[in-house]
There are 2 protein chains.
Amino acid sequence: MTSAPYASRERSTKERILGAAEALFATHGFAGASLRQVTAAARVNLAAVNYHFGSKDKLIEEVFRRRLDELNSRRMAALNRIAGESGTTLEDVLDAYIRPALDLSRSDGGGAAFVRVLARAYAEHNETLRRFLSDNYGHVLRQFANEFSRLLPNLAREEIYWRLDIVTGALTYAMADFGVIQRKSDVAERDHREAAADHLIRFAAAGMRNPSASNSSASR
Amino acid sequence: MTSAPYASRERSTKERILGAAEALFATHGFAGASLRQVTAAARVNLAAVNYHFGSKDKLIEEVFRRRLDELNSRRMAALNRIAGESGTTLEDVLDAYIRPALDLSRSDGGGAAFVRVLARAYAEHNETLRRFLSDNYGHVLRQFANEFSRLLPNLAREEIYWRLDIVTGALTYAMADFGVIQRKSDVAERDHREAAADHLIRFAAAGMRNPSASNSSASR
DNA sequence: CGTATTCTCAAACAATCGTTTGATTCAAAC
DNA sequence: GTTTGAATCAAACGATTGTTTGAGAATACG
């Protein structure tokens, strides 16, 4: 029953659809990529999407779930290693949040495309998608907010969430752009990305630390 | 001939369409917002878009042109004030690039919505749109790249463009998100945005200064 | 005034969208 | 070999997309 018919093919139909959808959503967006493009790229029948996933929206959710399950468990593992410790810095927490996404963007199997899908999800303020992400991975964000609150006791909870959203959005976009531009040498690419990620984390830490009420005059 | 018939209306048909399109593109994206939504929000006939602009793509271009003409001339004015000077810092150049966009997002007449449209344009890697922006405002980017090259003589020209794209994309997204979240007090909002912008600029400067080949080990 | 031009409007255009249907093919169960 | 259920397929569904049409109303020009 759980065995897969048609399994002699290279990959299962569901996985081929998910892979093609991921790549096309990254390039053309969720509204811009049609199911006919997706099924043509996956070389499956048009009806296969609704058969296996139910609808386009459910397919979109599955594209997220496939990657975010592992991404967020890695984030949680990294956070649990440092949460509550006395020597933990803001940069450490941000690293626990960002590094798994950076690793994902470096992975071979379409992870780079998914990071661009993530950036699109941030750009689009799709309400149903945000609800899905909040319902399924809200606890991760909540745990990170807990740790940020511990390190930034002067900031209100609402302020924490706000800054975290802005900062991760900017970080996600920057990381997604890494995947677009092809570098001459792969090793140089990895080094640069690593160095840029460190700077991004330091930037994010500065943004999180920024006191709220102080007017930032005379910076130049 | 150049006088406007139907001018007794509150605003001209073209301007009403542009305003409605700007707001809807910011919310639903270019593919997600239909011309029927746009014309309904502008309370004009559906055919008015194709009559006044020719096509949806031309309308999109006009939405950009209306704001970017002034935005980029402000950028050029700010850049010309500091370009070539001996005391000019990287932060000054980035400020000349970012500050006009920040001012725009604070303006009353839909500027905040346009900043979100800008962020979408960065997220979508639409080729025709990128070509339009490059054709019409490429000289601005080129002038800024010149100044960056002067301050960062060790970086290759290609590297300058690459980093500038990433950095401005992240900055644009972060600024766009400012407009989504409504703050309790307007004065606190402005102060916070100002302070955050300063940090964003400092982050961008760090990202631009980042030496290319250095592996960033032992940051923690 | 009358003519010309500009603009608006309802209606339809062909194309594409996500989705559904019903028949057919496949692999396993008995 | 027959049956069963899952998977694939071509075809069509109604809805929506951007765009075009042609007639009509509003303004401008002589």
Side-chain angles (χ1 to χ4, degrees), chain A residues 1-25 27-64 120 124 126-129 132, chain B residues 1-25 27-64 120 124 126-129 132:
Chain A
M1 193 184 298
T2 44
S3 65
Y6 286 72
S8 56
R9 222 70 78 74
E10 16 181 345
R11 280 157 63 211
S12 77
T13 298
K14 289 185 71 167
E15 281 179 36
R16 296 230 304 283
I17 292 176
L18 285 171
E22 186 174 64
L24 285 167
F25 288 156
T27 311
H28 302 107
F30 304 110
S34 70
L35 291 186
R36 283 169 178 80
Q37 289 178 271
V38 170
T39 52
R43 283 179 295 113
V44 300
N45 189 271
L46 169 63
V49 168
N50 285 275
Y51 177 79
H52 285 287
F53 299 98
S55 68
K56 184 181 184 179
D57 283 333
K58 296 286 186 184
L59 169 63
I60 294 175
E61 292 184 0
E62 209 52 35
V63 166
F64 278 95
R120 279 199 179 266
E124 312 201 3
N126 188 310
E127 201 47 50
T128 64
L129 186 58
F132 166 80
Chain B
M1 191 185 297
T2 43
S3 63
Y6 283 70
S8 57
R9 221 70 79 72
E10 17 182 345
R11 279 156 63 211
S12 76
T13 299
K14 289 184 71 168
E15 281 180 37
R16 295 229 302 283
I17 292 176
L18 285 171
E22 186 175 64
L24 286 167
F25 288 157
T27 311
H28 302 107
F30 304 110
S34 71
L35 291 186
R36 282 169 178 80
Q37 289 179 271
V38 169
T39 52
R43 284 179 294 113
V44 300
N45 189 271
L46 170 62
V49 168
N50 285 275
Y51 177 79
H52 285 286
F53 300 97
S55 69
K56 184 180 184 180
D57 283 333
K58 296 286 187 184
L59 168 64
I60 294 174
E61 291 183 0
E62 209 52 35
V63 167
F64 278 94
R120 280 199 179 267
E124 313 200 1
N126 187 311
E127 200 47 47
T128 65
L129 186 58
F132 167 80

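Source: prediction; values computed, not measured. Every chain is numbered from 1, with letters handed out A, B, ... down the list of sequences.
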To the nearest angstrom, the NZ-P distance between B:K58 and D:dT19 comes to 11 Å
In this structure, how many angstroms lie between the C1' atom of D:dT16 and the CG atom of A:L35, rounded? 15 Å
Take the protein atom CZ of B:F53 and the nucleotide atom P of C:dT6, then report the distance between them rounded to whole Å. 17 Å
Measure from CZ on B:R11 to P on C:dC7 and round the result to the nearest Å. 17 Å
Does A:E15 use its side chain to pair, donor to acceptor, with the backbone of A:S12 at less than 3.5 Å? no
Closest to the side chain of A:H52, out of C:dT19, C:dC7, D:dA7, is D:dA7
Distance test, side-chain N/O of A:T13 to OP1/OP2 of D:dT8, below 4.0 Å: yes
Over how many whole Å does the gap from B:N50 atom CG to D:dT20 atom C1' extend? 8 Å
Minimum heavy-atom distance B:A20-B:A41, with the two atoms named: CB-CB, 3.9 Å
Nucleotide by nucleotide, nucleotides 10-15 of chain C touches protein heavy atoms under 4.0 Å in the pattern (B base, S sugar-phosphate only, - none) B-B---
Hey, does B:K14 have a side-chain heavy atom less than 4.5 Å from the side chain of B:E62? no
Side chain of B:Y51 only, heavy atoms from C-beta on: which candidate in C:dC7, C:dT19, D:dT19 is closest? C:dC7
Could you state the CG-C1' distance from A:L24 to C:dC17, rounded to the nearest angstrom? 15 Å
Nearest heavy-atom neighbours spanning B:V38 and B:I17: CG1-O, 4.0 Å
Do any side-chain atoms of residues 47-60 of chain B form donor-acceptor pairs under 3.5 angstrom with protein atoms, and if so which ones, sequence neighbours left out?
| unit_1 | atom_1 | unit_2 | atom_2 | d |
| --- | --- | --- | --- | --- |
| B:S55 | OG | B:K58 | N | 3.2 |
| B:K56 | NZ | B:F30 | O | 2.8 |
| B:K56 | NZ | B:A33 | O | 2.9 |

How does DNA chain D read in dot-bracket, base by base from 5' to 3', with Watson-Crick or G-U pairs under 3.5 Å and | used when the partner is on another strand? |||||||||||||||||||||||.|||..|
I want to check one thing: is the phosphate of D:dT16, taken as OP1 and OP2, less than 4.0 Å away from some side-chain N or O of B:S34? no
Between D:dT17 atom C1' and B:D57 atom CG, what is the distance in whole Å? 13 Å
Between NE2 of A:H28 and P of C:dG18 the distance, given in whole Å, is 13 Å
Taking only the side-chain heavy atoms of B:K56 (C-beta and beyond), determine which of C:dT19, D:dT19, C:dC17 contains the nearest atom. D:dT19
Between B:R120 and B:T27, is there a donor-acceptor pair closer than 3.5 Å when you use the side chain of the first and the backbone of the second? yes
